[in-house]
Amino acid sequence: MKPQIAELLSAAVDSLKTQNVVPADLEPRIQVENTRDKAHGDLATNLAMMLAKPAGKNPRELAQLLVDALPDNTLVEKVEIAGPGFINFYLSDESTASLIKAVLEQKAQYGRNNDGEGRKVQVEFVSANPTGPLHIGHGRGAAVGDCLCRLLEATGWDVTREFYYNDAGAQINNLALSVQARCKGLTPDDAGWPEDGYRGDYIVELANSYMNGDTVESADQSFTGAKDADDLEAIRHFAVAYLRREQDLDLKAFAVDFDVYFLESSLYSDGKVEDAVQRLIANGYTYEDGGALWLRTTDFGDDKDRVMRKTDGGYTYFVPDVAYHLDKWNRGFTRVVNEQGADHHSTITRVRAGLQALNTGIPKGWPDYVLHQMVTVMRGGEEVKISKRAGSYVTLRDLIDEVGRDATRYFLAARKADSQLTFDIDLARSQSSDNPVYYIQYAHARVCSIFRKLAEAGQSWSEELGLASLAALELESEKELIVKLGRYPEVVKRSASINEPHNIATYLRELAGDFHAWYNSEKTLVEDDAVRNARLALAEAVRQVINNGLDLLGVSAPEEM
RNA sequence: GCGCCCGUAGCUCAAUUGGAUAGAGCAUCGGCCUUCUAAGCCGAGGGUUGCAGGUUCAAUCCCUGCCGGGUGCGCCA
C-alpha cells in the first residue's frame, strides 16, 4: 500500500512543480510511514515538512497544496493535515479489502518479493571449529543466520548456507592430544595431561569410540577409529569427524542445514592461500620486518599493520581468511553475510583490508557482517554456566532438550543481534501466555480450531463468499487487524535488506496479540452468512500470515495445542 | 590507554533506517469461562530513553564530551 500512496504524492509534487510552488529541480525522497496512533489514520507522510524550506512556505500551507494536488483515486477514503504538517491517509474499504484478498490469493507467497532478483548470496554462520559440542553462542548464530537465510530466500535471493571450520590448527592439535591422553587412560588431574587440554566428558566418549573402532559419518566427514592410542594423526582425523558428526546432529535437531562445509585446510591444499599471498606481494602492500612478512593493512583503515607470515614460516589466521573470502568473491557472491560472535569483530577490518589490497574490484564494505553479542542463560533466577558433557559451557543441545526446538529458535532469533541476550529457561519452558512462542502458535491453532468447529457444525465456508462479504467487517478491531496483515510484506522486505531477522518475531507477537483480542471480543461462527464468511476470511488470512512468519523463523505452526 | 557494541518501565526487550502522546510481555493490583481452546481477554499503576551539550520544524535514533556494562586489542583462531 505504501508504494501506491507514494505514487500519488509524487504526482502531487510534479503538479506543484509545474505551478512553480516547489523548485522544479527538487527530487524529494518521498517517505510514507505507518502511523503508530490510529487517530493519525493508516498511513502518513512528512513530505510537506521536508519541502517547506525549499518551497519557502509553512508546512501546513504546503500540505494543503499537496492534498489539493493529489490525483483522484479509490485507495484513500479521507486525507487530513495534522500536527506540524503531517498528511494522514485513511484507507478506503476497497483498499483494506484488497489487502485481505492478497493474503488469501497468494497464500504461502504472501509477503515474499523478488528484491534479490535471483542473485547469489552466501551466508556464513556457526563456523564452529570441531573441538566440542556447539555452545549457546553457536546456537544464537545458528538461529539468527538461518532466519536470515530464510528471509533472503523469501526476498528472491539464491542463498548458499556455508559453514567454515579449521580442521588443522593448534586447537585441533590440542584436541587430538586430549583424546590421546584419554585413550591412554589419563585424566585431567594426572601428570601427563596436555596443557590446556579439553577436559569435557565428551572427550572420554570420543576416546572410547576411537578405541572401539567405530565409524563416524557427518555431512562432510567419515572416518573409522584406528584403535591405536599412539597414532596421533589417526586420532586427529577421527576426532574431527566425530565432533563434526556431533555438531551435525545438534544442527539437525535445530533444523539448520548447510549447503557447503568449507575446510580451512583446503585453502592450503588447493594453493589458494599461496595465491592470495603472491597477489598481495605483487601489489606491493607487503614488507619484511624482523623475519616476518607484514601486510600494510594501515593503508586500508586498520590501526596497525598485521603479520602475514610468521618467523616460523606459517601464516597467521587472517591470511587464509582473506584467501577464503577471495574464493567467495570468485564464486560469484556479490553479497556475502558473515554471521559471527562479536568477540571476533576485530577480524572485519583485517579481512576487508586484505581484500582491498588484492586489487580485484571487491567493494570496500564487502562482505557484510552480522555480529551477535553474548548469551547469558538463567534458570531459577541464577546464571547457568556449565553443562555436564562439555564441562565449561552451556551447549545448544542442553537447551533444545530442555525447552524444545521452537522455543529455543524463537528466543535466540527474537532479539536484535547486537544486544546482549538473557535466555530465561524457565520462561522458555513455560506453556503459558508468559511464553511468546506459545502465544503466537496458539493464535494459529485457534484459527484452525474455528475451522474444525465449522465443519463439525456442518457449515461451510468458501474463499469466494468470504471475499465477496468483506464489507461486513465493519469493526475497528477488524480494520486494525487487516491493516496489520497489510504491513507484513514491508516487515519482510526491510528485515531482509538490513539483515535483521528479529523484526519478524516482533511483528508476529503483535499480530497474535491483535488477533487474540479480536477473537475474544467477537464470535466468528455467527448466524449471519455475510458476517460469518467475512470473519472466517479474516481469520484464515491471519492464520496464513502467522504461518508464513513462523516459517521464516523456522518455528512450527501447530494446528492443535 | 585505544577500537567496536550496548545503556529505554522493577525485570526481559521493541520502537518502521529523524516523526506526532516512547510501546509490548513478565512481575504487581482489579475484573472476565453456561458462548468458536482461559496456552486467552479487559482494565490500572509504572519513564527526565545513563548524564551534559550540539544539529534539526522535529532526536531513543545523527554529532561531541563524560559515566556505566560487555568485548577485542598475539608472529592464537
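Everything quoted here is computed from the prediction, not taken from an experiment. Chain A is the first sequence line, chain B the second, and so forth, proteins listed ahead of strands; every chain is numbered from 1.
Side chain A:Thr311 to base B:C75: a donor-acceptor pair is found below 3.5 Å. Residue A:Asp343 places no side-chain atom within donor-acceptor reach of the base of B:U71, judged by atom type and a 3.5 Å distance cut-off alone. Residue-to-nucleotide contacts include no donor-acceptor pair under 3.5 Å from the side chain of A:His344 to the base of B:G72. Under 3.5 Å, the side chain of A:Asn88 and the base of B:A20 form at least one donor-acceptor pair of N or O atoms. Not a single donor-acceptor pair, N or O on each side, falls under 3.5 Å between the base of B:A39 and the side chain of A:Tyr438.
B:U28 and B:A20 have their C1' atoms separated by 31 Å, given to the nearest Å. The gap from the P atom of B:U48 to that of B:C6 amounts to 23 Å, rounded to the nearest Å.
OP1 or OP2 of B:A14 lies within a sub-4.0 Å distance of a side-chain N or O belonging to A:Ser419. When the side-chain nitrogen and oxygen atoms of A:Thr422 are compared with OP1 and OP2 of B:C13, one or more of them lie within a distance under 4.0 Å. Between B:A15 and A:Lys416, a contact under 4.0 Å exists linking OP1 or OP2 to a side-chain N or O. OP1 or OP2 of B:A15 lies within a sub-4.0 Å distance of a side-chain N or O belonging to A:Asn503. For A:Lys304 and B:C73, the shortest distance from a side-chain N or O to OP1 or OP2 is not below 4.0 Å. For A:Arg446, a side-chain nitrogen or oxygen approaches OP1 or OP2 of B:A38 to under 4.0 Å. Neither OP1 nor OP2 of B:C13 sits under 4.0 Å from any side-chain N or O of A:Tyr410. Using a 4.0 Å cut-off, some side-chain N or O of A:Lys310 falls inside it from OP1 or OP2 of B:C76. Side-chain N/O atoms of A:His502 include one lying less than 4.0 angstrom from OP1 or OP2 on B:A15. Distances shown here put a side-chain N or O of A:Arg36 below 4.0 Å from the OP1 or OP2 atom of B:A20.
In this structure B:G40 sits in a base pair with B:C32, meeting the Watson-Crick or G-U test at under 3.5 Å. The pairing partner recorded for B:G1 is B:C73, the criterion being a Watson-Crick or G-U wobble arrangement whose two distances lie under 3.5 angstrom. When both pairing distances are held under 3.5 Å, B:U56 makes no Watson-Crick or G-U pair with any nucleotide shown. Pairing for B:A14 is absent, judged as Watson-Crick or G-U wobble with the two contacts each under 3.5 Å. Nucleotide B:G68 has B:C6 as its partner under the Watson-Crick or G-U criteria, with both atom distances under 3.5 Å.
In this pair, A:Phe86 lays its aromatic ring flat on the base of B:A20, centres within 5.5 Å and planes under 30 degrees apart.
Atom pair A:Ile5:CD1 and B:U16:P shows a separation of 21 Å (rounding to whole Å applied). The interatomic distance linking A:Arg306 (CZ) with B:G72 (C1') rounds to 11 Å, in whole Å. Summarising the geometry, the separation between CD1 on A:Ile498 and C1' on B:A14 is reported as 13 Å, rounded to the nearest angstrom. Between the CD atom of A:Glu500 and the P atom of B:C13 there is a distance of 16 Å, rounded to whole Å. Taking atom NZ of residue A:Lys38 and atom P of nucleotide B:G23, one finds them 13 Å apart after rounding to whole Å. Rounded to whole Å, the distance from CG on A:Leu536 to C1' on B:C36 is 10 Å. B:A14 atom P lies 13 Å from atom CZ of A:Arg494, rounded to whole Å.
Summarising the local packing, CD of A:Glu527 is surrounded by 12 or fewer heavy atoms from other residues, nucleotides or ligands at distances under 6.0 Å.
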Show your working on salt bridge (Lys or Arg N to Asp or Glu O under 4.0 Å) between A:Lys493 and A:Glu490 and close with a plain yes or no.
CA-CA 5 Å; A:Lys493 183 185 180 70; A:Glu490 310 158 12; over 6 Å; no

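By the 30° and 60° cut-offs, the orientation of the rings of A:Tyr488 relative to A:Tyr507 is tilted. By the 30° and 60° cut-offs, the orientation of the rings of A:Tyr164 relative to A:Phe262 is tilted.
Nearest nucleotide to the A:Arg350 side chain, out of B:C13, B:U71, B:A77: B:A77.
When heavy atoms are screened at a 4.0 angstrom cut-off, A:Asp303 is found touching no nucleic acid atom at all.
Atoms CE and CG, on A:Met50 and A:Leu62 in that order, are 12.0 Å from each other to the nearest 0.5 Å.
Because its NZ or CZ atom is both nearer than 6.0 Å to the ring centre of A:Tyr165 and within 45° of the ring axis, A:Arg244 counts as a cation-pi partner of that residue.
With sequence neighbours excluded, the residues that form a ring pair (Phe, Tyr, Trp, His ring centres under 6.0 Å) with A:His516 are A:Tyr439, A:Tyr442.
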